Amino acid sequence: MLKKYRQRTVAKARGSVLELGFGSGVNLPYYNPELIEKYYAVEPDGGLLKLAQKRINKAPFKVEVLQMGAEQIILPDDSIDTVLSTWTLCTIPDIEAALAQARRVLKPGGQLIFVEHGLAPETRVASWQQRLTPYWKRCAGGCHLDRQTDVLLLNAGFVLQDLATGYLGRPKTMTFMYEGAAKPPAVG
């Protein structure tokens, strides 16, 4: 069910790319290698990176792994054309710091492309998401069901370029999707 989202989102990556929450490397086959100049994979979990090794070895471009959290990216300011996040922003412990880092490393005119699940607009569903999140985080790697991706991006100083939202299916508490792109504000 997630494949079409993954394909659409990853296909937009260009230039020097920083993927937040690389995980086991499931996005690698969806990149267009002709559009990738440099590729950095941010992932703090050594176990997931071990699982990713076969995919890294088969990648049609060099994968530079940065084994760290997204809250302290060790790349220079204005060095990345595309930051990619697919179902990652829900798990980052300090989401504000991570988005500040993503914004810092993006070049002027660069973009953050994303597909995430999060807070639903229906009051009843959102209420359940907020009640379930403390328990869900414990069994799902820190995943928050109640993060509102568009608001997080706006609060981090991004400008939304496009945003599509809607339910993927059921249960509604876990399937409200945010898909789109955001840019740092224009300078000057």
Side-chain angles (χ1 to χ4, degrees), residues 2-3 5-117 141-144 147 149 152-153 155-162 178-185 187:
L2 302 178
K3 184 178 179 179
Y5 285 96
R6 205 177 287 285
Q7 287 174 317
R8 244 187 342 248
T9 303
V10 175
K12 297 173 187 171
R14 287 165 170 55
S16 54
V17 176
L18 172 67
E19 182 172 344
L20 303 178
F22 177 73
S24 62
V26 294
N27 286 335
L28 282 174
Y30 302 112
Y31 285 98
N32 179 343
E34 294 174 12
L35 300 177
I36 307 303
E37 295 168 15
K38 289 183 183 178
Y39 179 85
Y40 301 96
V42 172
E43 177 55 56
D45 187 321
L48 286 174
L49 289 171
K50 263 186 149 175
L51 289 174
Q53 198 55 56
K54 284 184 184 177
R55 287 186 177 119
I56 291 170
N57 293 343
K58 290 180 184 177
F61 46 80
K62 183 181 180 223
V63 174
E64 187 170 333
V65 174
L66 305 175
Q67 189 173 354
M68 64 183 61
E71 298 93 342
Q72 293 185 343
I73 299 168
I74 59 165
L75 296 173
D77 294 359
D78 306 324
S79 61
I80 298 294
D81 296 298
T82 305
V83 173
L84 173 80
S85 178
T86 59
W87 299 287
T88 300
L89 300 181
C90 63
T91 60
I92 297 173
D94 187 348
I95 189 63
E96 291 83 8
L99 289 174
Q101 287 292 304
R103 191 171 149 210
R104 179 186 66 76
V105 300
L106 275 172
K107 292 178 182 176
Q111 66 176 347
L112 185 152
I113 52 178
F114 60 91
V115 59
E116 300 287 341
H117 71 91
C143 175
H144 293 73
R147 285 189 173 164
T149 303
L152 288 170
L153 291 168
N155 288 344
F158 284 94
V159 176
L160 289 173
Q161 289 181 275
D162 63 82
Y178 295 80
E179 180 181 14
K183 286 189 172 218
V187 178

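Computation of the quantities below employed the complete heavy-atom set of this structure, encompassing side-chain atoms and omitting hydrogens, waters and symmetry-equivalent molecules. Since we're looking at a predicted model, the values are computed, not measured.
By the 6.0 Å contact criterion, CD on Gln53 is enclosed, its count of non-hydrogen atoms from other residues, nucleotides or ligands being greater than 12.
Side chain of Arg147 to main chain of Leu152: no donor-acceptor pair is present (N/O by atom type, distance under 3.5 Å, no hydrogens or angles). Not one N or O on the side chain of Thr9 forms a donor-acceptor pair closer than 3.5 Å with the backbone of Glu179. Side chain of Arg55 to backbone of Ser24: a donor-acceptor contact under 3.5 angstrom is found. The main-chain N or O of Thr88 is found under 3.5 Å from a side-chain atom of Glu116 such that the two form a donor-acceptor pair. Proximity of a side-chain donor or acceptor of Ser79 to a complementary backbone N or O of Pro76 within less than 3.5 Å is detected. A distance-only check finds no donor-acceptor pair linking the side chain of Arg6 to the backbone of Tyr30 [under 3.5 Å].
In this structure, Leu35 and Tyr31 have side chains that are not in contact, with every pair of non-hydrogen atoms separated by 4.5 Å or more. Considering only heavy atoms from C-beta on, Ile73 comes within 4.5 Å of Leu20 through its side chain. Taking the side chain as every heavy atom from C-beta outward, Val26 and Trp87 never approach each other to under 4.5 Å. Looking at Leu48 and Phe22, their side chains never come closer than 4.5 Å, going by heavy atoms from C-beta outward.
Ring planes of Tyr39 and Phe61: tilted class, angle from 30 to 60°.
The CD atom of Glu64 sits 11.5 Å away from atom CD1 of Ile56, with the distance rounded to the nearest 0.5 Å.
Applying salt bridge (charged side-chain N to carboxylate O under 4.0 Å, His left out) to Asp81 and the options Lys183, Arg14, Lys107 leaves one that passes, Lys107.
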